[in-house]
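Counting from 1, the numbers follow the sequence of the chain as shown. Please read these numbers as outputs of a predicted model, since none were measured by experiment.
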Amino acid sequence: MTADPSVKSQSLKPGTIKRIISYGRPYRSYIIIFLITVVVEAMLVVTTPLLLRELIDKGVIPKNPVLVTKLAILVGFLAIFGAGFNIFGRWYSARIGEGLIYDLRSQVFAHIQRQSIAFFTRTQTGALISRINSDVMGAQQAFTGTLSGVVSNVVSLILVVTTMLVLSWQITVVSLLLLPFFLLPTKWVGKRIQRLTRDSFNLNATMSSTMTERFNVSGALLVSLYGKPSQEESFFRSRARKVADIGIQTAMLNRVFFVGITSVAAVATAFAYGIGGHLAINGSITVGTLLALTALLYGLYGPLTALSNVRIDVMTSLVSFERVFEVLDLQPMIVDKAAAKQFTDRSATIDFVDVAFTYPKAEEISLASLESAAKPETVESGEVLKGISFHAPAGTLTAIVGPSGAGKTTISALVPRLYDVTRGSIQINGEDIRNFAVQSLRDSIGVVMQDAHLFHETVAENLRYAKEDATFEEMKAACESARIWTLIDSLPNGLDTMVGERGHRLSGGEKQRLAIARLLLKAPAVVILDEATAHLDSENEALVHEALRVALQGRTSIVIAHRLSTVMEADQILVLDNGLIVARGRHDELVNAKGLYAELYARQDLSGSA
């Protein structure tokens, strides 16, 4: 009853059904056995009342104790057999359902992992997780709950109606005439429960969002510093109160529905007994037949009520599959060429050749259904880079500086192919990077961002993300080079210390040094630093600089920095402005040239930053 009836009006894309069936092929033997158990269970619905009829007519009334005992034992045996068969069928149902969930989740997760970084910049994380959880589970219902429900109810209905017509067509007709009194309350209550359920889901989503934002470290810190606990509590209480009120209304509706249906069932049974009683008195039917008919009534109304909503159930499952396919059909922007090479060089010369770049449009990288924006974004980024060319010899340090929005970070994203250039090419050792397998290219590039991300795991697990088989000695050596080992060694659990969500148990400088240690374990040919010291105090900055001297030694490095003090010793400095290189040279040359670099340097020098 909580299903959304609007799904009935949705049309599936051509080929969807065939594609859904393909997911069931690995489990076809399980599905056949499962459906056999469903049919047998449906047959038992009819068998027991017929045995009851025999027990009364041929055992109780003729006073045949031997037959009564045999039939009673047979009824008990069938009950145990039915229970065992139900467990047997449930095992197959679970194997099919959980197998499909496993297959779909694994496929969706792997596919999402291959998406470009642009996909994640637009996608709402909650909507994406919903596809992997809710929609995948809804999809597997097509092979278990929905399929078994349709087969079971159809078989039960055919057998029950046929048996009832054979036993007494009069009682069967009267029972079918009473069906609207079952269906109307179901529809009436169902619509109201649908509305209440939808409101409850929306309110629960709001509460979950509130808790997620307030309970992470950054949110809790903001609330502590700026928020008012009483106001936060009041806001949460108002939402929780509405959810509670909806819960009460839903509970009362369910109870009213249950009492109403039970009453209608009692009236139907009374009609059956009344009409059947007269027929029994007249000799048209036996007493056993009367009791069998009343028992069969329970097998008549249930399947009929369920099948009245079968279109919603089927379409809900199929639409869930289609929503999963929608994600699987979104092709990653960055893919390997058919004959991609493996990049294995231990040194790298980087060349940007007339590189232009425009950020991709929303429809090229994401799905509207995975974004939370109320209106689609129509403004295009325009050309962010406009013909960038430079040469970075192997083992040298190239610094890129300039005002915010000049395109510095975009350059750092193009080297590891987080995006592909719009025009021109980026070459490593004279070969276009698009000719290399993406994974091998990224394995040779180490990046340290402004806000180094750490997973909510141990220090060792965060380090091993760069090298999964790293030994204790290797991790210790990397941490010593990154000037972080003294701190780690002083912790009670050492490398097994949990860093906390997003690494919040460490200071900014400690996180940066741990990120540098992770980079050293990776031992890349190319190092990219994107504002790696932007938010550090002078003490931490000095420690990070010591760590970076080790990390950059002998490696081709691209360093993006606002603090010009960090790039004064670079082999070349590129001054970027509005997507163009407006100056290039060493520090002293650029200061003497009196251009944009000299202005930036003078501004920082006046404030004591440089």
Pairwise distance CZ(Phe472) to CG(Leu495) - rounded to 0.5 angstrom: 6.0 Å
Side-chain donor/acceptor of Gln512 to backbone N/O of Met449, under 3.5 Å: yes
Nearest-0.5 Å distance that lies between atom CG in Leu454 and atom CZ in Arg518: 5.5 Å
Heavy-atom side-chain contact between Asp420 and Ile334 under 4.5 Å: yes
Side chains of Asp530 and Val447 in contact at under 4.5 Å (non-hydrogen atoms): no
Side-chain heavy-atom pair Phe109, Ile112 within 4.5 angstrom cut-off: no
Check: Lys467 and Met475 side chains under 4.5 Å, non-hydrogen atoms: no
Validation row: Leu418, Arg442 side chains within 4.5 angstrom (heavy atoms): yes
Minimum heavy-atom distance between Leu521 and Ala470, given as atom pair plus value: CD2-CB, 4.0 Å
Pairwise distance CD1(Ile484) to CD1(Ile516) - rounded to 0.5 angstrom: 9.5 Å
OG1 on Thr37 to CD1 on Ile87, rounded to 0.5 Å: 12.0 Å
Under 3.5 Å side-chain donor-acceptor pair for Asp245 and Gln249: no
Considering all heavy atoms, the nearest Tyr23-Leu100 contact: O-CD2, 3.4 Å
Side-chain donor-acceptor pair present, Thr410, Tyr359, cut-off under 3.5 Å: yes
Minimum heavy-atom distance Leu576-Gly407, with the two atoms named: CD2-C, 3.5 Å
Backbone of Trp485 reached by a side-chain donor or acceptor of Asp489 within 3.5 Å: no
Polar side-chain atom of His111 near backbone of Leu330 as donor-acceptor pair, under 3.5 Å: yes
Inter-residue atom distance Thr409.OG1 - Leu414.CG, 0.5 Å rounding: 11.0 Å
Heavy-atom closest pair, residues Arg417 and Val335: NH2-O, 3.5 Å
Arg105 (side chain) donor-acceptor with Asp103 (main chain) under 3.5 angstrom: no
Test log, rule side-chain contact (heavy atoms from CB on, under 4.5 Å), inputs Asn493 and Thr458: CA-CA 9 Å; Asn493 296 319; Thr458 64; over 6 Å; no
Main-chain N/O of Val559 paired with Lys408 side-chain donor or acceptor, under 3.5 Å: no
Approximate separation, where rounding is to 0.5 Å, of Asp496 CG and Ile488 CD1: 11.0 Å
Residue list, ring pair (Phe, Tyr, Trp, His ring centres under 6.0 Å) with Tyr92, at least two apart or on another chain: Tyr30, Phe88
Tyr27, OH atom: more than 12 neighbouring heavy atoms under 6.0 Å: yes
Closest approach of Val38 to Ser152 (non-hydrogen atoms, all atoms of both residues): CG1-CB, 3.3 Å
CZ (Arg90) with more than 12 external heavy atoms under 6.0 Å: no
Considering all heavy atoms, the nearest Val401-Ala561 contact: CG1-O, 3.6 Å
